[in-house]
Every structure is written in structure tokens, then in C-alpha cells.
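Each ligand, and each atom within it, is numbered from 1 in the order the structure gives. Here the structure is a predicted model, which is why all the values come from computation and not from measurement.
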Amino acid sequence: MKIILLGPPGAGKGTQAKSISNRYSIPHISTGDIFRKNISENTPLGVEAKKYIDNGQLVPDSVTIDMVKDRLQHDDCKKGYLLDGFPRTVAQAEALQEFLDSRNEKLDTALCIEVPSEFILERMTGRRVCPSCGASYHIKFNPPAVEGKCDVCGSDVIQRKDDTVDTVKERLDVYERQTQPLIDFYKDKNLLSTVDGTQAINSVFESICKVLGE
Ligand code: ADP
Ligand code: AMP
């Protein structure tokens with residue numbers, strides 16, 4: 001199964017991706033996670049990406065597309081994959097389409113988690129993440145069992161540098177200008193499916209399973 005997750009920042013893509021990846025045994029490929037790993041390891045890719053991420057801008061297509069194409073050729077992608085945070089521009093969507101066509105492969109669905117913008121600020125400024133294992137929480141909607149500590153590995157959870165009010169506003173603006181057009185891109189290809197992302201986390205997952213044919 002090959003799935004793309006669409007939706008604004010803070011829609012719940014990463015949260016749902018973990019459950020989908022477990023349920024369907026496909027790798028969860030998050031471009032944001034790949035960039036953050038490179039930033040923490042101070043690689044040349046990380047140094048370049050950080051300039052954009054910290055300001056809420058997109059990392060240039062020239063960097064992002066090659067990085068994803070490389071990742072999709074790893075062995076674990078033979079059984080399918082779940083893309084979270086890619087594509088984010090029409091150029092990225094076209095590059096992915098070319099990549100798939102060249103291999104005679106097809107996407108199963110572009111699944112959009114719909115959440116109106118008035119929900120987003122609270123979701124993103126309340127998000128906390130574990131810098132060690134990548135688990136993600138929300139101080140109100142999905143708090144860790146012990147305040148400030150990751151349920152999975154016990155590390156101190158942190159707020160992402162790009163989850164501050166000003167950067168979130170910039171990211172929402174970037175989403176509307178650069179990423180929202182992908183909804184029509186996939187609708188035109190009859191690949192778009194949608195779920196209501198304002199429901200509780202478990203209910204969103206149930207809706208996703210139905211869309212995926214369960
Ligand atoms: P994205 O990957 O789309 O940017 P996340 O999955 O990181 O979004 O979710 C953003 C924040 O909102 C996180 O703190 C997460 O715990 C919380 N969240 C995710 N889904 C829901 C939901 N259905 N209801 C309330 N909060 C949610
Ligand atoms: P995310 O973890 O998906 O919220 O992504 C965090 C940040 O990483 C974004 O705000 C962008 O700066 C960058 N990023 C992630 N995915 C992409 C992409 N497909 N294209 C460009 N930039 C990206």
C-alpha cells in the first residue's frame with residue numbers, strides 16, 4: 001500500500017501515521033523527521049534545511065525531492081510506504097508521479113486529514129515531542145502519563161522550535177499558498193480521500209481505517 005498524508009501542519013498526520021504504519025506494516029516516511037535527524041547530527045543537509053525550517057519556510061524542492069527519491073529506493077519500501085509531509089508543492093507532487101510512473105507503480109490514495117485553521121494554533125503550540133525517540137504529545141489533548149516525560153523512553157519532552165505562535169502562522173500561510181493546491185491535484189487524479197481530523201485521535205484513526213477499506 002502506498003499512501004500520502006495531506007493536511008495542514010498540526011492536522012494530526014504524524015500522530016495518525018504511527019498507527020497506520022503499525023496496522024499496515026509499512027514504513028512511515030516523514031520528511032520533517034528526516035530533516036530534524038539531519039539537523040541534530042549537524043550534517044550538511046541538516047545545516048541547509050535548518051535555515052528554512054526555523055523560519056517556517058519550505059526546504060527547497062531541489063533538496064527535498066532527491067532526498068525522498070533516495071529514501072523510496074530503500075528495501076523496506078518494496079512493500080509500500082506512508083509519506084507524511086511530502087509532497088508539499090506541486091513540483092514535488094509531479095516529481096513523485098514521475099518517479100512512480102518510471103517504476104510502473106501507483107499510489108493507492110492521497111488521504112487528507114481535514115482540520116480548519118482555527119484549531120491549528122492550539123494544536124501546534126501545545127505539541128511536545130521526544131527528542132530521543134520522536135514520540136509526539138499534546139499538553140491538553142494527548143499528554144504523557146508523567147508530565148514532561150516521554151511515555152516510550154522516559155526522556156524529557158520538548159517544544160519544537162518551529163511550534164511558536166509566529167512560526168506557526170507563517171507555516172499556515174505557506175501551507176495555504178504552496179500545499180493546499182495539491183488537494184485539487186489529487187482530486188483530479190481520483191486519488192483524494194478525506195477524513196474529519198477534528199474528532200478525537202482514536203476516532204480519526206477509525207475513520208482512516210474505513211477509508212482504507214476495513
Ligand atoms: P502534523 O504531523 O500534521 O503536523 P501532529 O500529528 O504532530 O500533526 O499533531 C499536532 C498536535 O496535535 C500534536 O500535539 C498532537 O498530539 C495533537 N493532535 C493530533 N491529533 C489530534 C486530534 N485528533 N485531536 C486533538 N489533538 C490532536
Ligand atoms: P513537519 O515535521 O512535517 O511539520 O515539517 C517541518 C518542517 O520541515 C516544515 O515546516 C518545512 O520547513 C520542512 N519540510 C518538511 N517536509 C517538507 C517538504 N516536503 N518540502 C519542503 N520542506 C519540508
Side-chain angles (χ1 to χ4, degrees), residues 4-21 28-39 45-46 48-69 71-72 82-96 111-130 134-144 150-151 157-164 166-175 177-179 182 195-208:
I4 287 173
L5 282 184
L6 295 175
K13 299 182 296 297
T15 303
Q16 298 299 332
K18 291 197 170 55
S19 304
I20 299 169
S21 161
H28 166 204
I29 300 173
S30 155
T31 39
D33 284 351
I34 299 175
F35 286 134
R36 281 184 289 277
K37 184 162 188 287
N38 277 276
I39 291 171
L45 174 67
E48 177 68 8
K50 188 171 163 38
K51 294 187 231 160
Y52 301 92
I53 294 180
D54 283 355
N55 296 316
Q57 299 294 319
L58 295 185
V59 179
D61 288 338
S62 52
V63 175
T64 308
I65 289 171
D66 285 348
M67 178 181 91
V68 172
K69 277 193 196 164
R71 177 66 185 88
L72 295 183
L82 173 63
L83 280 170
D84 161 14
F86 183 94
R88 254 179 163 102
T89 63
V90 171
Q92 291 179 12
E94 284 169 345
L96 177 63
L111 176 65
C112 181
I113 304 181
E114 295 181 321
V115 177
S117 53
E118 60 265 28
F119 288 76
I120 298 297
L121 199 60
E122 186 181 17
R123 284 218 187 161
M124 292 179 78
T125 54
R127 171 160 60 191
R128 298 293 181 270
V129 294
C130 174
S136 168
Y137 304 90
H138 191 281
I139 50 174
K140 182 166 152 194
F141 304 124
N142 183 26
C150 177
D151 291 350
V157 298
I158 56 161
Q159 183 173 33
R160 271 169 51 175
K161 219 177 160 187
D162 59 347
D163 277 346
T164 54
D166 285 345
T167 313
V168 168
K169 286 186 177 156
E170 177 62 26
R171 290 166 68 195
L172 269 176
D173 197 50
V174 166
Y175 172 76
R177 281 187 286 114
Q178 296 188 260
T179 310
L182 297 187
V195 291
D196 173 7
T198 65
Q199 311 168 85
I201 292 174
N202 288 344
S203 307
V204 177
F205 184 56
E206 281 171 23
S207 301
I208 290 175

Minimum-distance protein heavy atom relative to [atom]:
atom	value
atom 10 (O) of ligand 2	Arg171 NE, 3.7 Å
atom 24 (N) of ligand 1	Arg123 NH2, 3.4 Å
atom 13 (C) of ligand 2	Ile53 CG1, 3.8 Å
atom 6 (O) of ligand 1	Thr15 OG1, 2.6 Å
atom 20 (N) of ligand 1	Ile201 CG1, 3.6 Å
atom 14 (O) of ligand 1	Tyr137 O, 2.8 Å

If you measure every N or O of [X] against every N or O of ligand 2, does any of those distances drop under 3.5 Å?
X	value
Gly56	no
Gln57	yes
Thr31	yes

Problem set entry | Which of the ligand 1 atoms, numbered from 1, are nearer than 4.0 Å to a heavy atom of Lys13 | 1 (P), 2 (O), 3 (O), 4 (O), 6 (O), 8 (O)

Problem set entry | Gly85 neighbourhood, listing ligand 2 atoms whose heavy-atom distance to it stays under 4.0 Å | 16 (N), 17 (C), 18 (C), 19 (N)

For this session: Take Arg36 and Asp33 through the salt bridge (charged side-chain N to carboxylate O under 4.0 Å, His left out) test and state the conclusion after the steps.
Result: CA-CA 5 Å; Arg36 281 184 289 277; Asp33 284 351; 2.8 Å; yes

Exercise. Heavy atom under 4.0 Å from ligand 1: found in Met124's side chain, backbone, both, or neither?
Worked result: neither

For this session: Return the option from Gln178, Gln92, Arg88 holding the heavy atom at the smallest distance from atom 1 (P) of ligand 2.
Result: Arg88

For this session: Would you check, one step at a time, whether the test salt bridge (charged side-chain N to carboxylate O under 4.0 Å, His left out) holds for Asp84 with Lys13?
Result: CA-CA 6 Å; Asp84 161 14; Lys13 299 182 296 297; 5.1 Å; no

For this session: Spell out, as yes or no, whether a donor-acceptor pair under 3.5 Å connects the side chain of Arg128 to the backbone of Pro144.
Result: no

Exercise. Hey, is Arg36 one of the residues with a heavy atom under 4.0 angstrom from ligand 2?
Worked result: yes

Exercise. From Ser19 OG over to His28 NE2, what is the distance, rounded to the nearest 0.5 angstrom?
Worked result: 10.5 Å

